[in-house]
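Note sheet for the following structure.
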Amino acid sequence: MPKKIKIIFLGTSAFGVPLYEAIGQDARFELVLTVSQPDARAGRGRQIRPSTIKTIAQKHNWPVITPAGIKDASNTISSLRPDLLVLCSYGQIVPSEILAIPRFKALNIHASLLPRYRGAACVQAAILNGDQESGLTLMQMDTGLDTGPIIAQKKIKLNGRETSPLLLEILSQAAPDFFRENIILWLEQKITPRPQVEKDASYAPKLTKEDGLIDWQQPNIKIDRQVRALLPWPGTYTFLPDRKYLKILSGFPGQPVAAAKPGEIQYIGNEFAVACLKSYFILGKIQLSGGRPLEAKIFFNGHKEYLGKNFFSAPDCKIES
RNA sequence: CGCGGGGUAGAGCAGUUGGCAGCUCGCCAGGCCCAUAACCUGGAGGUCGCCGGUUCAAAUCCGGCCCCCGCAA
């Protein structure tokens with residue numbers, strides 16, 4: 001390839017950073033523009049802050065724009081005459097008029113083995129469903145939500161103890177090599193994308209705060225998956241017997257038992273555990289609102305009054321601070 | 001000015017009609033026991049976040065400051 005490939009990168013979250021920097025620093029490519037989501041109020045104090053990708057762009061002095069709607073950037077994008085458009089967790093559907101601009105098309109790197117888990121919470125979905133494997137998909141974009149034909153995939157085996165932040169990190173770090181291994185073949189048109197098998201498709205819609213509420217009537221395996229999957233947001237939570245909001249940050253499933261009263265807090269084998277459906281969930285780290293994260297053992301050592309009482313997971317418990 | 005909780009012994013917490021600072025765990029010493037994460041006895045350990053004010057007397061009331069955290073995104 002005699003000439004540099006002109007790339008426009010679309011991304012917002014930290015997940016895309018390794019890939020983004022790899023592209024920006026690759027001599028074969030010329031990063032002509034970065035498109036990210038607009039600055040938004042976030043965090044305590046609701047300060048206005050830029051997206052992670054925008055922050056990285058500014059650090060390298062790479063050109064970046066943050067249109068409210070990607071359509072607003074349509075003219076800017078076409079005037080740069082990009083050869084390729086690469087998207088990684090950008091957060092907006094890109095319309096066909098923009099997808100049609102680059103001659104090597106618009107590609108998306110998605111953190112699941114499509115057609116499984118189209119959508120935003122793809123990594124969480126893999127853990128929530130107890131999948132044996134996860135991975136990355138390089139795909140050609142169309143106007144649907146992660147529906148375009150697949151160019152390449154990379155599988156990652158799961159050991160069943162991953163948390164979302166960890167798996168996200170693993171996939172994020174794997175993205176640059178995965179991209180480099182396939183992009184040249186793509187540019188040389190040695191790969192024919194294959195359409196997704198529609199009947200195998202599933203969706204992982206954005207999570208909500210409600211998804212984090214623990215139902216102690218479930219088997220401990222499910223609760224364990226929920227705890228690992230929903231970090232760091234929305235997080236899993238329950239309510240103490242006096243209805244204080246309590247985050248469950250970690251734990252693991254205990255041995256099955258016949259008679260367990262779901263929700264009951266118990267001291268078992270030198271650990272603090274909560275009864276769920278025919279089993280116990282051993283508590284690891286927990287966090288009260290206003291408090292820092294700490295081992296359940298440390299907290300309950302000073303609160304023996306909770307033993308034998310029940311956690312609430314009733315919907316009438318308001319989420320309060 | 002988005003809403004809110006908190007800084008008290010090594011850890012987690014209680015303690016506002018102001019009056020010599022408490023609980024659980026841990027730690028040290030000893031005891032019981034085949035043994036123990038169990039139990040019993042004794043012990044060490046605190047400028048009550050910082051500064052100032054009110055008062056005979058402040059962890060507790062008033063003012064200012066620093067730090068930590070939850071919700072919300």
Assess the residue pair Thr52(A) and Ser13(A) against the criterion (side-chain hydrogen bond (donor to acceptor under 3.5 Å, both in side chains)); give the C-alpha distance rounded to whole Å, side-chain angles, the decisive distance to 0.1 Å, and a yes or no.
CA-CA 6 Å; Thr52(A) 307; Ser13(A) 75; over 6 Å; no
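- When each of Lys304(A) and Trp233(A) is assigned the nucleotide of RNA chain B bearing its nearest heavy atom, the one mapping closer to the 5' terminus is Lys304(A).
- Between the C1' atoms of rA9(B) and rA44(B), the separation comes to 10 Å (whole Å).
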Pairs: protein N or O with nucleotides 8-15 of chain B N or O, under 3.5 Å:
none

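- Checking the phosphate oxygens (OP1, OP2) of rC71(B), a side-chain nitrogen or oxygen of Lys209(A) falls inside 4.0 Å.
- Cluster partners of Leu231(A), using a side-chain heavy-atom cutoff of under 4.5 Å among ILVMFWY residues and allowing indirect links, are Leu249(A).
- Grouping Ile, Leu, Val, Met, Phe, Trp and Tyr by side-chain contacts under 4.5 Å, direct or through others, puts Val257(A) with Ile268(A), Tyr280(A).
- Residues satisfying the salt bridge (charged side-chain N to carboxylate O under 4.0 Å, His left out) criterion with Glu264(A), sequence neighbours excluded, are Lys261(A).
- No hydrogens or angles were tested; on distance alone, a donor-acceptor pair under 3.5 Å links the side chain of Arg44(A) to the base of rG70(B).
- Listed by first then second residue, pairs satisfying side chain to side chain donor-acceptor pair (under 3.5 Å) with a partner in residues 123-133 of chain A read Tyr117(A)-Asn129(A), Tyr117(A)-Asp131(A), not counting sequence neighbours.
- Within the structure, the side chain to side chain donor-acceptor pair (under 3.5 Å) test picks out the following pairs touching residues 226-235 of chain A (sequence neighbours left out): Asp224(A)-Arg228(A).
- Using a 4.0 Å heavy-atom distance criterion, Tyr267(A) is classed as a sugar-phosphate-only contact.
- Along RNA chain B, the nucleotide nearest to Lys247(A) and the one nearest to Gly45(A) differ in position, and the one closer to the 5' end is contacted by Gly45(A).
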